[in-house]
Undergrad: 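Sharing a structure below in structure tokens format, with a few things to ask.
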Amino acid sequence: MSDSSWTRVPPVPTTTPGARPAVPDPPVHTTDPGLLRSLEPLLRSWLPRQRWFAGKGLPIGGFRLVAATELMPPGGRLGPLGLLHVLVDVEQPGRPADCYQLLLGAHPLLPSALVRTALGPAVGGPYDGLTLYDAPHDPRLAALLLERLRLPGRTGRLRFTTEPHAVFPPGLTPRVSTAEQSNTSVVYGDAYILKLFRRVSPGTNPDLELSLALAKAGSQRVAEPVAWFESLEPGPGPTAEEPTTLGVLQRFLPGSSDGWALALASVAEDGDFRSEAAALGRATAEVHASLAAALPARALDGAALERIAAGMARRLDETAAEVPAVRQYADALRSAFDDLAKLGAGTLPGAAVTAQRIHGDLHLGQALRRPGGEWVLIDFEGEPARPLAERRGAAPPVQDVAGMLRSFDYAAHHSGNGPWAARHRDAYCTGYAAVSGTDPREQPVLIRAFETDKAVYEARYEARHRPAWLPIPLSALARLSTTAPR
Ligand SMILES: Nc1ncnc2c1ncn2[C@@H]1O[C@H](COP(=O)(O)OP(=O)(O)O)[C@@H](O)[C@H]1O
Ligand SMILES: O=P(O)(O)O[C@H]1O[C@H](CO)[C@@H](O[C@H]2O[C@H](CO)[C@@H](O)[C@H](O)[C@H]2O)[C@H](O)[C@H]1O
């Protein structure tokens, strides 16, 4: 992203529901090195404590202010009343700089409800003497963000887009979602949910791209995006001209339960969740069909399959180097990827494989069951650890199926009921096959390779974030290392 800038903008005008007044004239950009100097000591201590901070355990080398923009309430003035929007690059040894989105409030004296969200008092710079805190937790500033989202247009280098039919009623009470998350979400009056991406990559986030494509195709399997905002700061590489997605406001699905919670409840009572699992399989296949129709899809040639297999083998090697417990299985697991490459080379038989846009990180927690029983898929971001270009590429849909099969295994092993997994994995595949016409169980080489790749990813994820859960993917790797495809 480009030179540092600090943007102070005029107040957002008051609006009435449905009205779309123009956004004020372009604001003034100023460079203020004092701002970064005052933020630095606070960020050094606060950032590593955030769940979404990717570089945990590594020292922070330095910061680079990408952009700072102050959003103002109607009639507001700078300082305690505004919301400071910051994009900052964080440099750490051994990894490319990560760009984080911060939304900060500043106040001389924090109310007790906000104390735990404090970064600390700023010393020097434009906020000297004010305590900075995480703005999404402040209902006043969260409401200000929603107010800004209802007005399409630019504020500095931030661009706000609103779907023409979206009408936000006034007075929606904001609350930060307590779900364990990679990002931060604010729920407004059980009507909308605003997901604020924390670690941002230049370009369009697939969560916006895919849920918008599905909604525009009339799919009922997605929560419709109604507004979003982006940074117009140019980024490096091929997406330099594309805006960077920062936040997406979607319809909230009240009364829905996530698949992980439902599955855990079923495992605990050794219950029968098979009709729900089959419905989820059907929903997955419907989403795949809609994505294949809306966005490019193609048949994969042998060389492409061999490249996919090589990528899986590389990730296995990287994971074995990072997670010692994986090493004992590595040689045996490589056979899964060798078989996939042989499928590509034509020395193992198998049906043609297509690639298309997919969910990319499908698991039970990414499926919401509405009160009427219909499943909706959320969070189309892909695996957060993969580069954006890879997450936006086409991939075989069996990758999503494998992700969900892993999730049934997770739910069962989490509560020590292995047989539950087998029954529900079968039911999910039956549902998927009924709609797609392709039964994943009849593609043993493909499913074993993708399941292995996912379990390898999970081993690294758990080692980094939840070491106590590492035995779950390890037990899958043990199974997959001895299971030849059926
Ligand atoms: N449209 C929605 N309606 C209701 N709840 C939602 C909706 N979208 C997300 N959620 C809730 O918010 C949680 C986090 O959303 P998600 O998109 O998975 O964020 P993250 O990428 O940060 O993990 C979900 O587990 C779900 O409980
Ligand atoms: O939902 P996220 O996009 O943050 O996905 C990441 O975190 C998930 C855990 O919250 C992780 O999923 C793994 O644990 C789940 C149970 O908590 C399980 O259902 C999944 O099958 C398992 O992969 C996901 O891998 C990670 O990308």
Side-chain angles (χ1 to χ4, degrees), residues 50-52 54 101 136 175-200 205-208 210-211 214-215 220-226 245 247-264 267 280 359-371 374-386 391 399-415 421 424-425 428 450-451 453-466 468-474 476:
Q50 305 313 303
R51 185 185 189 261
W52 38 264
Q101 171 174 218
R175 65 179 160 87
V176 173
S177 160
T178 52
E180 197 181 309
Q181 279 195 256
S182 309
N183 298 290
T184 299
S185 293
V186 184
V187 178
Y188 293 93
D190 280 4
Y192 296 103
I193 180 165
L194 172 63
K195 176 150 138 184
L196 298 160
F197 298 105
R198 289 304 200 155
R199 186 160 68 99
V200 296
N205 190 299
D207 201 9
L208 172 62
L210 297 190
S211 43
L214 286 165
Q220 299 298 304
R221 302 296 181 190
V222 69
E224 183 198 7
V226 291
T245 315
V248 182
L249 186 75
Q250 288 178 290
R251 285 196 196 286
F252 186 77
L253 307 172
S256 55
S257 313
D258 81 77
W260 174 249
L262 292 169
L264 283 190
V267 176
L280 185 53
H359 182 283
D361 189 18
L362 195 58
H363 56 80
L364 283 161
Q366 314 282 41
L368 298 181
R369 189 165 171 269
R370 305 195 69 175
E374 323 85 60
W375 288 102
V376 168
L377 304 188
I378 58 166
D379 195 5
F380 287 77
E381 250 195 292
E383 286 171 7
R386 291 203 199 210
R391 292 192 266 135
Q399 183 179 321
D400 282 346
V401 173
M404 197 56 96
L405 294 181
R406 288 287 317 116
S407 210
F408 285 110
D409 196 54
Y410 248 78
H413 282 86
H414 185 266
S415 305
H424 291 86
R425 285 160 57 101
Y428 177 77
F450 278 94
E451 225 194 307
D453 186 46
K454 187 70 188 183
V456 166
Y457 164 84
E458 289 166 346
R460 202 185 219 182
Y461 178 88
E462 300 302 358
R464 286 181 181 176
H465 300 284
R466 304 184 294 198
W469 292 48
L470 182 57
I472 300 181
L474 285 182

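Just so you know, ligand 1 is whichever comes first in the structure, and atom 1 is the first atom listed for that ligand.
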Undergrad: Verify the distance criterion only: is there a donor paired with an acceptor across the side chains of R198 and S182 at less than 3.5 Å?
TA: no
Undergrad: For ligand 2, is there an atom lying under 4.0 Å from some heavy atom of E458?
TA: yes
Undergrad: Checking side chain to side chain contact (heavy atoms under 4.5 Å, CB included) against K454, which of L405, D361, D400, L362 comes through?
TA: D361
Undergrad: Within ligand 1, which atoms have a heavy atom of N183 less than 4.0 Å away?
TA: 20 (P), 21 (O), 22 (O)
Undergrad: Does W260 reach the side chain of H414, with side-chain heavy atoms less than 4.5 Å apart?
TA: yes
Undergrad: Taking only non-hydrogen atoms of M404, do any sit less than 4.0 angstrom from ligand 2?
TA: no
Undergrad: Taking R406 for the side chain and E451 for the main chain, is one N or O donor matched with an acceptor at less than 3.5 Å?
TA: no
Undergrad: Does R466 have a non-hydrogen atom less than 4.0 Å from ligand 2?
TA: yes
Undergrad: So is P384 in contact with ligand 2, going by heavy-atom distances below 4.0 Å?
TA: yes
Undergrad: Any nitrogen or oxygen of W260 lying under 3.5 Å from a nitrogen or oxygen in ligand 2? Just yes or no.
TA: no
Undergrad: Which atoms from ligand 2 have a heavy atom of Y457 less than 4.0 Å away?
TA: 25 (O), 26 (C), 27 (O)
Undergrad: Between K195 and D379, is there a salt bridge with N-O shorter than 4.0 Å?
TA: yes
Undergrad: Under the salt bridge (Lys or Arg N to Asp or Glu O under 4.0 Å) definition, can you give me all pairs with a residue in residues 249-263, not counting sequence neighbours?
TA: E224-R251
Undergrad: Any atoms of ligand 1 less than 4.0 Å from a non-hydrogen atom of L368? List them with their elements.
TA: 2 (C), 3 (N), 4 (C), 5 (N), 6 (C), 7 (C)
Undergrad: One residue to check: R251. Relative to ligand 1, which of side chain, backbone, both or neither has a non-hydrogen atom less than 4.0 Å away?
TA: backbone
Undergrad: Side chain or backbone, does Y410 bring an N or O within less than 3.5 Å of an N or O on ligand 2?
TA: no
